Structure formats: structure tokens, C-alpha cells
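Structure, as C-alpha cells:
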Amino acid sequence: MFLKNCWYVAAWAKDIGRELRAETFLGEKIVMYRQEDGTPVALENACPHRKLPLSDGNLKGDTVECGYHGLTFDCSGTCVAAPTQANAIPRRAVVKSYPVVDRYRFTWIWMGDPALANPDDIFEIENFDNPSWGLTDGGVMDIDCHYLWVCDNLLDPSHVAWVHVSSFAGAGTDDEPLDLTKTDRGVIVSRWIYDRPPSPYYANVVDFEGNCDRLQHYEMCLPAIGLNKSIYTPVGTGGYDSTPVDKTFVNISYNFMTPIDEDRSRYFWVQHRNGRPHDKEVSKFMNDGALMAFNEDKDILEKVHLGMKHATTPHIDLGLDAGAKTFRLMLDRAIKSENAEEPATE
């Protein structure tokens, strides 16, 4: 089951154009395209006649023509032409439409009740338009696992010590205690690591030498949005109550998980840093490093998914799983509440 009355990233905005694009989100088949004025559209990808995917049809102006008998649908899902029916459009010839919005270089989709879709509720990327912050190109990756395994991973600072040895690992990531905080939007697992060398990934981008104070901030927000904040600051200047100094480096990784179905997930990410906004070499280095690390995660999580799905013996939890278990409970309550509010159908 999935939380539906919320915004999910459907695609990078640049990847939605004037062609019919077949997608699956939350187990629902969808066709996406752009109108001639650039406005994104998302419709149920099934003609109501014999359920041929509309993505196998033709885009004509701003309408979609079914490739079987020419039933044609506008951007709202209303049938506007039925050539074989002497222009008598069948009353039930309608397909579901989904609210979609472009923001932060992404195209977002609302999978629940359209009447509740408010673009102001889209997750905020702070400082997105701040010219002093640098932005990486980001990426997208399909992972053959349930999306909550990805969420669990993004609430687990400790796994970097074994999975990301050459990038995000470093002294203290294997044994320093973790702090757990619940918020209105999700869960934060974090820790400050003091007077230790920076991780290999960040050693080449911070503006100081030697040891550092380091924050690992792993936050997961409903429905499945991970905000990972890394702070590297000179020794003696870190801590939860500290304020940044001139050489403090802050990098925020925004991670958006969109369930495809129960066994597949689409993972979008982009990184935002508080310096060197126009340094293309730094942006490329950070983007390449993130992609390498996420491929390492992909390999692990696909095997975890299969192992847990086909387990023959009970699994155990560790103390480091507290954040993931807390988020899953919060999400489960939100899904149950949403389903309880849905009107009964005949």
C-alpha cells in the first residue's frame, strides 16, 4: 500500500516532451506528455474501450488518440472524439487524469484525490534560487526493490562504513552513537563526529586541511523524501548548537523515492552545496561520486529485497534500525488514516 495524497517526483522535467511516455507509479499505469504550450499532462494509460495503452496511440495537438479505434481524449481525460460512433461519444468514455506540476527541475505528480492537490505542498528545496549555492546535475535510477528499503538505507548513517568505504565512510561512522528525532514531517537520525579526518568523498572539496568536526544528518520525510545533510567544519566549530564559520562546508543531498510497484522503485537525487556555485569540476566530481555510491546501494538493496521477500528464517533488527522503524510506523499510520477518510465505493 502507498500514501497517495502527496506529491511524488515523476520525472526530470527535461525528460517529458512532445511524445507519449508510458510510466508506472504506485502500481498505476500512466501516460505523460506536454501540451503545445509546455504544460505537463498525466493520464491513465488505458483506453476505456479495450484497455489498449494510450501510449501506443498518437499525440494530436494536445489530445491523445487511441491506436485501436480512434477514441480521443483531452488533457482532463474527457473523450472529445469517437469516430466509429457517429460522433455520439459514449458517456463512460473517460480516463483518469492526474495533477502534475513542474518545480525545481522536476515534474511532480499527485496520485490521490485531485481536489486535494496543492502545489504549495511540494517539498521545498531551500536556497534553490540562491546564486551562492552550487547545484549538481543530479540523476535518476530504477532499483528492483521496494521503496521502503531505499528509505531504510537513507535513515542509516552507519552503512557507509561498509558499503561506501571509498566515498562517504570515515572514522566514527561505524561506532559513534546516533541521535533520533521525530518531526512533523518525518524522522531524523544524526550524529556529530568530532576531530576526525573527513571522508574521502569530501576531503577534496572542503576549504581547510586536517581533521574536522562532521555532521551526518539523515532525514526521511513523508511520503519518501530523504534529505541528507553533511556538514564539515574546522575542529572545535561543530556541534548541534554551533553556527557556521567561514570555512564550514554544507552539502544537502535531496533524494526522492517514487514507488513503481511493490518490487521496483525510481530514485531521483540532486545535491546542493553552500559554495563554489559555478565550479563545474566540483559539481562533476560530486555528481560522479554520488552515482558511484548509489550504484553500491543499488546492488545491496536489490539483494536485500529478494532476501527479505523470500526469507525462510526470521530476520532480526539492530539498534541502528530505530530510525527506519519509526518512519515506517509513521508512514503506516498516515496510509491508514488516508484510507479511513476515503468515501465508500459500490
Side-chain angles (χ1 to χ4, degrees), residues 1-103 106-119 121-122 142 223 258-266 335 338-346:
M1 298 177 66
F2 307 106
L3 193 64
K4 292 189 174 183
N5 286 326
C6 50
W7 292 99
Y8 289 94
V9 173
W12 286 95
K14 63 181 177 58
D15 293 335
I16 303 297
R18 289 286 296 162
E19 62 279 330
L20 298 174
R21 179 184 174 106
E23 295 287 6
T24 302
F25 302 126
L26 281 61
E28 299 183 30
K29 305 293 185 181
I30 293 169
V31 60
M32 302 186 70
Y33 65 96
R34 287 192 185 276
Q35 299 180 50
E36 291 179 331
D37 67 0
T39 303
V41 178
L43 300 173
E44 175 188 358
N45 193 16
C47 178
H49 173 225
R50 290 294 183 264
K51 301 301 180 180
L52 181 74
L54 290 176
S55 57
D56 288 346
N58 304 293
L59 182 58
K60 293 193 169 183
D62 289 340
T63 64
V64 181
E65 178 190 70
C66 177
Y68 197 10
H69 293 99
L71 292 181
T72 303
F73 302 88
D74 66 14
C75 303
S76 70
T78 300
C79 184
V80 295
T84 66
Q85 303 304 300
N87 294 322
I89 296 174
R91 180 176 57 86
R92 295 171 60 193
V94 61
V95 295
K96 183 178 179 180
S97 65
Y98 300 79
V100 279
V101 175
D102 288 330
R103 186 165 297 180
F106 294 113
T107 298
W108 302 73
I109 188 166
W110 182 274
M111 299 296 295
D113 182 352
L116 301 178
N118 182 356
D121 294 333
I122 289 175
D142 283 2
T258 302
I260 297 175
D261 54 31
E262 294 287 347
D263 297 301
R264 297 177 296 158
S265 308
R266 185 156 296 163
I335 292 173
E338 180 179 275
N339 291 337
E341 295 170 0
E342 290 181 356
T345 56
E346 294 183 359

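All residue numbers refer to positions in the sequence shown, counting from 1. Below, all heavy atoms of this structure are taken into account, side chains as well, without hydrogens, waters or symmetry copies. Owing to the predicted nature of the structure, the values given are computational and were not obtained by experimental measurement.
When side chains are defined from C-beta on, M32 counts as touching V100, because their heavy atoms get closer than 4.5 Å. Within the 4.5 Å cutoff, no side-chain heavy atoms of P40 are placed close to those of W108. Side-chain contact between V31 and P53 is absent, with no heavy atoms from C-beta onward closer than 4.5 Å. The side-chain heavy atoms of R21 and R34, taken from C-beta on, include no pair separated by under 4.5 Å. Here the side chains of T258 and E23 are not in contact, with every heavy-atom distance at 4.5 Å or above. Looking at heavy atoms from C-beta onward, E19 lies out of side-chain contact with L59 at the 4.5 angstrom threshold.
Side-chain rings of W12 and F106 approach one another, their centers coming within less than 6.0 Å.
N58 is linked by a side chain to side chain donor-acceptor pair (under 3.5 Å) to E65, counting only residues two or more places apart in sequence or in another chain. For P99, the side-chain contact (heavy atoms from CB on, under 4.5 Å) partners two or more places apart in sequence, or in a different chain, are W7, W110, P114, A117. With sequence neighbours left out, E36 forms a side-chain contact (heavy atoms from CB on, under 4.5 Å) with R18, D62. Judged as a salt bridge (Lys or Arg N to Asp or Glu O under 4.0 Å), and not counting sequence neighbours, the contacts of D142 are R266.
A donor-acceptor pair under 3.5 Å is formed between the side chain of N45 and the backbone N or O of L54. Put simply, the side chain of E262 gets close to the backbone of M1: a donor and an acceptor are under 3.5 Å apart. The backbone N or O of K4 sits less than 3.5 Å from a side-chain atom of E338, completing a donor-acceptor pair. Remark: the backbone N or O of A10 is not paired with any side-chain donor or acceptor of T107 at under 3.5 angstrom.
L116 contributes atom CG, which lies 5.0 Å from atom CG of N5 (distance to the nearest 0.5 angstrom). Residue L43 holds its CG atom at 9.5 Å from CD1 of I30, rounded to the nearest 0.5 Å. In this structure, CZ in F73 is found 4.5 Å from SG in C47, a value given to the nearest 0.5 Å.
Heavy atoms only, all atoms of each residue included: D56 and L52 are closest at OD2-CD1, 4.1 Å. Annotation for P119 and R103: closest pair O-NH1, 2.9 Å, computed over non-hydrogen atoms. The two atoms that bring A42 and I109 nearest to each other are CB-CD1, 3.9 Å, heavy atoms only.
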Result block: side-chain N/O donor-acceptor pairs under 3.5 angstrom for residues 89-98, not counting sequence neighbours:
| unit_1 | atom_1 | unit_2 | atom_2 | d |
| --- | --- | --- | --- | --- |
| S97 | OG | S76 | O | 3.3 |
| Y98 | OH | E28 | OE1 | 2.5 |

- Message: side chain to side chain contact (heavy atoms under 4.5 Å, CB included) for Y33 and S55? Distances and angles first, verdict last.
- Response: CA-CA 10 Å; Y33 65 96; S55 57; over 6 Å; no

- Test side chain to side chain contact (heavy atoms under 4.5 Å, CB included) applied to M111 and F2, step by step: CA-CA 10 Å; M111 299 296 295; F2 307 106; over 6 Å; no

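Among pairs with a residue in residues 41-65, those fulfilling ring-ring contact (aromatic ring centres under 6.0 Å, His included) read H49-Y68, H49-H69, at least two apart in sequence or across chains.
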